[in-house]
Amino acid sequence: MNITVEGKQVEIPAEATCGDALKAGLSGKRFKATVAAQAGDALLDLSAAVPAGATELTPVLLESPEGLEILRHSTAHIMAAAVLRLFPKTKVTIGPSIATGFYYDFDPVRPFTVDDFEAIEKEMRRIVEAAEPFTRSVEDKTASIARFTAKDEPYKVEIMGDIQDPTVSLYTLGDFIDLCRGPHLPSTAFAKHFKLLSVAGAYWRGNEKNKMLSRIYGTAFATEAELKAYLHRIEEAKRRDHRKLGRELDLFDFHEDVAPGMVFWHPKGMLVRTILEDFLRKEHLKRGYELVQGPQLLRRELWERSGHYANYRENMYFTEIEGDAYGVKPMNCLAHMLIYGSALRSYRELPVRYAELGVVHRHEMSGALHGLLRVRQFTQDDAHIICTPDQLEAEIIGVISFIRDLFTLFGFSYKIGVATRPEKSIGTDADWERATKALIKALEKIDIPFVINEGDGAFYGPKIDCRVTDSLDREWQCSTVQCDFTLPERFELEYVAQDGSRQRPVMVHRAILGSLERFIGILIEHCAGAFPTWLAPVQARVITVTSQHDAYAESVCARLRLAGIRTETDLRNEKLGYKVRAAQMDKIPYVLVIGDKELEDEGVNVRLFGGDSLGFKTLAEVEALIREDSEAPFKRGGMNYRFS
RNA sequence: GCCAACUUAGCUCAGAUGGUAGAGCAACUGAUUCGUAAUCAGUAGGUCGGGAGUUCAAUUCUCCCAGUUGGCUCCA
């Protein structure tokens with residue numbers, strides 16, 4: 001029997017395993033790094049027979065993506081075997097590999113805690129050192145169900161019940177027999193570099209009606225260096241955590257006892273927000289938006305009319321005023337519609353673009369709250385564009401350009417998706433097609449790559465989502481652009497067309513940064529707390545070598561403030577090094593040092609955040625320097641802006 | 001909402017078989033007048049998340065509540 005291995009013809013006996021075949025075709029070193037075989041689309045154990053009719057066999061190396069997946073899946077099995085040795089009454093369920101590692105869900109006698117990890121890891125090491133093989137066997141399903149029923153493994157029995165094939169495959173690792181599709185590592189010796197990370201509750205089959213299981217998360221890598229690098233990344237993420245930085249930099253905090261999920265902005269954080277808001281308002285005005293603002297509370301009947309009461313009530317807060325129910329707004333659109341409807345509109349007025357930095361409240365489950373990234377009260381940079389169907393495409397192009405300009409400015413990379421009609425939806429096919437086409441055409445026209453997310457649209461219309469990737473490769477949904485035919489219908493919005501007839505306009509909901517709270521949270525993590533100069537709450541801090549320089553420092557600070565530069569002094573009776581360190585930890589972009597020399601020559605010594613020194617500069621030079629730095633990012637975004 | 005862990009000074013964290021707590025940083029006071037990531041000394045700061053129970057005695061044990069954190073349809 002002949003088979004091709006990496007371009008080489010290999011002669012093998014009929015009963016040969018994949019391992020035999022690969023061994024014959026690969027160098028010793030390469031074969032040693034091989035954990036499985038690939039024939040066509042199928043991944044096979046090395047111990048599996050070469051499938052009949054196969055003409056080519058590809059080695060799956062440990063460090064390849066497929067190899068890593070096998071490694072992690074096998075490590076999950078090793079963990080399960082270790083858990084069963086230590087806690088024999090535990091029932092096993094499933095243990096897949098995931099993007100960053102693996103997990104295994106157990107139904108334990110008592111839920112596991114991280115304190116159990118040491119013992120479990122130790123037992124896992126023992127299994128790895130013993131270099132035990134994973135042995136595959138195929139069994140009649142009925143026999144297997146009887147076997148696992150006898151072992152009192154109800155979850156496995158349930159899974160087998162769902163399997164269509166008359167036979168199932170089992171993998172044996174020491175005493176541990178598990179129902180598993182495989183493939184697995186040839187032996188546990190390949191799984192040397194792993195770590196258990198966390199425990200969590202997880203519903204059996206993800207359904208909250210089912211029993212809560214105890215899940216252990218872990219990760220595994222081909223080499224110790226990669227494992228270390230991954231763990232280091234987790235540490236890095238903790239260092240950049242916006243919740244930690246928010247407290248350290250005195251930007252915001254939470255008072256969980258009185259307002260869970262709602263932010264208290266401290267002066268410095270509020271300044272960052274204010275600058276951002278100021279910039280956004282000006283940018284909206286430049287682009288032909290008008291600023292509006294609706295009330296926070298609207299009578300229940302209005303929410304019934306819009307469909308929110310039927311579809312969104314669980315996420316809304318209600319209160320009562322003189323016996324009438326009022327809903328706290330979770331979205332800004334209703335007020336905007338009412339403003340539009342307050343007068344008879346002509347086609348000449350369209351498109352109308354109403355923008356509002358709208359504060360909305362949404363009830364999120366307590367377990368879902370997360371710093372600034374998931375809150376119950378947040379501010380949307382929201383707008384509603386009401387236009388004729390003909391204007392739709394141009395308006396969408398305008399919105400997407402706006403998105404592109406802003407994210408370029410902040411230095412984020414982003415991914416665009418178009419979500420199409422879901423199964424449960426309202427509206428006519430023609431409307432859906434027109435709107436979906438308009439979204440896609442707009443993206444194509446300005447040449448922005450996107451993916452189609454089939455059936456992921458809102459029930460009332462298709463949408464464009466924009467996800468931002470931060471410096472740690474985590475994705476966050478920010479922008480959203482949604483076509484809506486329902487609300488104009490329900491609120492009977494009209495305009496008078498050229499021919500005098502009454503026509504129904506189309507509406508586009510859009511938010512660009514999304515939630516200011518979330519955006520600032522992402523921004524903090526993206527820049528690790530060191531804001532770009534234009535957003536930094538303190539742009540420059542003047543520090544003195546000795547108290548003899550204090551008076552001059554005060555005058556420097558006053559002058560820079562007059563020039564619109566956010567400046568403060570640190571005149572504490574401390575050594576220079578102490579004050580430099582403090583400024584560095586406060587992540588202030590410019591530290592202006594004043595000693596005898598600077599006092600005499602009427603300037604400052606400039607130290608940048610990060611430690612670079614620019615040496616002596618006159619005050620005029622410093623002003624120009626900081627101004628230029630503040631304006632630099634806008635060159636990327638094709639905008640300009642000054643806060644003062 | 002559900003599961004688990006956690007909640008001690010402004011922050012980061014120690015601590016005791018149940019006998020009402022300690023460090024570093026920050027704050028304040030004083031000395032020091034100093035050149036690019038921490039000068040020294042002193043002072044003050046806590047009903048140990050809230051409530052109830054057990055006990056001679058609870059921050060520690062038990063229960064309830066609140067909040068935080070990590071998870072909760074990546075599928076043999």
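Protein chains get the first letters and strands the later ones, always in sequence-line order, with residue 1 at the start of each. Worth knowing before you read on, the calculation uses all heavy atoms, side chains too, and leaves out hydrogens, waters and symmetry mates.
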Of all the choices, G70(B), C72(B), U39(B), which nucleotide is nearest to the side chain of Lys575(A) once you look at every atom? U39(B)
Can you confirm whether Phe176(A) sits close enough to Val92(A) that some side-chain heavy atom of one is under 4.5 Å from a side-chain heavy atom of the other? yes
Output the single nucleotide from G35(B), A76(B), U68(B) whose closest atom is nearest the side chain of Val545(A). G35(B)
Is the Tyr104(A)-Phe106(A) ring centre distance short of 6.0 angstrom? yes
What is the distance, rounded to the nearest whole Å, between atom CD1 of Ile588(A) and atom P of U36(B)? 19 Å
Select one nucleotide: of G70(B), C72(B), U68(B), the one nearest the side-chain heavy atoms of Glu256(A). U68(B)
Answer with yes or no whether Tyr203(A) presents, from its side chain, a donor or acceptor under 3.5 Å of a partner atom in the base of G1(B). yes
With a 3.5 Å cut-off and just heavy-atom distances, do the side chain of Ser547(A) and the base of U33(B) make a donor-acceptor pair? yes
Taking 4.0 angstrom as the limit, do Lys89(A) and Asp152(A) come out as a salt bridge? no
Without hydrogens or angle criteria, can the side chains of Glu454(A) and Thr420(A) be said to hold a donor-acceptor pair below 3.5 Å? yes
With a non-hydrogen cut-off below 4.0 angstrom, is Tyr217(A) in contact with a base, only sugar-phosphate, or nothing? sugar-phosphate
Going by heavy atoms closer than 4.0 Å, what residues in residues 79-97 of chain A are next to RNA chain B? Ile94(A), Ser97(A)
NA contact type, Leu576(A), heavy-atom cut-off 4.0 Å: base, sugar-phosphate, or nothing? base
Quote, to the nearest angstrom, the P distance that separates C48(B) from C61(B). 15 Å
Given the C1' atoms of C64(B) and A23(B), what is the spacing between them in whole Å? 34 Å
Does Arg541(A) have a side-chain nitrogen or oxygen under 4.0 Å from the phosphate oxygens OP1 or OP2 of U36(B)? no
Between Ser366(A) and G1(B), does any side-chain N or O lie under 4.0 Å from OP1 or OP2? yes
What's Val168(A) touching, base or sugar-phosphate or nothing? Going by heavy atoms closer than 4.0 Å. base
In this structure, how many angstroms lie between the P atom of U68(B) and the NE2 atom of His370(A), rounded? 12 Å
Nearest-Å distance once atom C1' is located in both A9(B) and G46(B): 5 Å
Base paired to U43(B) (Watson-Crick or G-U; both N/O distances under 3.5 angstrom): A27(B)
Regarding Asp105(A) and Tyr155(A), is there a side-chain donor-to-acceptor distance under 3.5 Å anywhere? no
Across the strands shown, which category fits Leu170(A) at heavy-atom distances under 4.0 angstrom: base, sugar-phosphate, nothing? nothing
Would you classify Asp162(A) as touching base, sugar-phosphate or nothing, given that sugar-phosphate means primed atoms plus P, OP1 and OP2, and contacts are heavy atoms under 4.0 Å? nothing
Report the nucleotide, chosen from G71(B), C74(B), A76(B), that has the shortest atom-to-atom distance to any side-chain atom of Ala200(A). G71(B)
Phosphate OP1/OP2 of A26(B) contacted by Tyr578(A) side-chain N/O (<4.0 Å): yes
Could Lys211(A) and Asp107(A) be called an ion pair, given the rule that one side-chain N must be under 4.0 Å from one carboxylate O? yes
Rounded to the nearest angstrom, tell me the gap between atom CG in Leu571(A) and atom P in U33(B). 18 Å
Checking Asp175(A) now: which residues fulfil salt bridge (charged side-chain N to carboxylate O under 4.0 Å, His left out) with it, not counting sequence neighbours? none
Measure the distance from CZ on Arg205(A) to P on C3(B) and round it to the nearest whole Å. 22 Å
Heavy atoms under 4.0 Å, any strand shown: does Gly615(A) hit a base, just sugar-phosphate, or nothing? nothing
Is there a side-chain polar atom (N or O) of His363(A) under 4.0 Å from OP1 or OP2 of G1(B)? no
Mind checking who C6(B) pairs with, Watson-Crick or G-U wobble, both distances under 3.5 Å? G67(B)
Which nucleotide in G1(B), G35(B), G71(B) has an atom nearest any side-chain atom of Glu598(A): G35(B)
Between C34(B) (P) and Asn605(A) (CG): distance, integer Å: 17 Å
Whichever of Met212(A) and Val606(A) has the more 5' nearest nucleotide on RNA chain B, that residue is Met212(A)
Identify which nucleotide among G71(B), A37(B), A76(B) has an atom closest to any side-chain atom of Val580(A), counting heavy atoms from C-beta outward. A37(B)
Would you please confirm or rule out a distance under 4.0 Å between OP1 or OP2 of G70(B) and any side-chain N or O of Arg243(A)? yes
Using a heavy-atom cut-off of under 4.0 Å over every strand shown, decide if Arg572(A) touches base, sugar-phosphate, or nothing. sugar-phosphate
Please give the distance between the P atoms of A26(B) and C40(B) as a whole number of Å. 10 Å
Taking atom C1' in both G18(B) and C56(B), what distance in whole Å separates the two? 12 Å
Spacing between Phe252(A) atom CZ and G10(B) atom P, to the nearest angstrom: 20 Å
So which one's nearest nucleotide on RNA chain B is more toward 5', Asp241(A) or Asp596(A)? Asp596(A)
Separation of atom CD in Glu574(A) from atom C1' in A27(B), rounded to whole Å: 12 Å
How far, in whole Å, is U36(B) from A44(B) if one measures between their C1' atoms? 32 Å
To the nearest angstrom, the CE-P distance between Met365(A) and C3(B) comes to 13 Å
Distance-only donor-acceptor check, side chains Tyr317(A) and His363(A), under 3.5 Å: yes
Is there a Watson-Crick or G-U wobble partner for A52(B) with both distances under 3.5 Å, and which nucleotide is it? U62(B)
Find the partner of G1(B): check Watson-Crick (N1-N3 plus N6-O4 or O6-N4) and G-U wobble (N1-O2, O6-N3) distances, both under 3.5 Å, and reply none if neither fits. C72(B)
So, OP1 or OP2 of G71(B): does either fall under 4.0 Å of a side-chain N or O from Tyr104(A)? no
Scan Arg215(A) against the nucleic acid and name what it touches under 4.0 Å (heavy atoms): base, sugar-phosphate only, or nothing. sugar-phosphate
Pairwise C1' distance, U8(B) and A58(B) [rounded to whole Å]: 15 Å
Arg607(A) side chain N/O closer than 4.0 Å to the phosphate oxygens (OP1, OP2) of G35(B)? no
Residues two or more places apart in sequence or in another chain: which of them pass salt bridge (charged side-chain N to carboxylate O under 4.0 Å, His left out) with Glu118(A)? none
Which whole number of Å gives the distance between the P atom of U60(B) and that of U55(B)? 16 Å
State whether Tyr171(A) and Arg181(A) meet the cation-pi test: NZ (Lys) or CZ (Arg) under 6.0 Å from the six-membered ring centroid, and within 45° of the perpendicular axis. no
Indicate, with a heavy-atom threshold strictly under 4.0 Å, whether Lys156(A) touches base, sugar-phosphate, or nothing. sugar-phosphate
NA contact type, Gly367(A), heavy-atom cut-off 4.0 Å: base, sugar-phosphate, or nothing? base
Counting only Watson-Crick or G-U wobble pairs whose two distances fall under 3.5 Å, which nucleotide matches U20(B)? none
Asp586(A) side chain near Arg541(A) side chain, heavy-atom distance below 4.5 Å: yes
Are the side chain of Arg240(A) and the backbone N or O of Glu525(A) linked by a donor-acceptor pair below 3.5 Å? yes
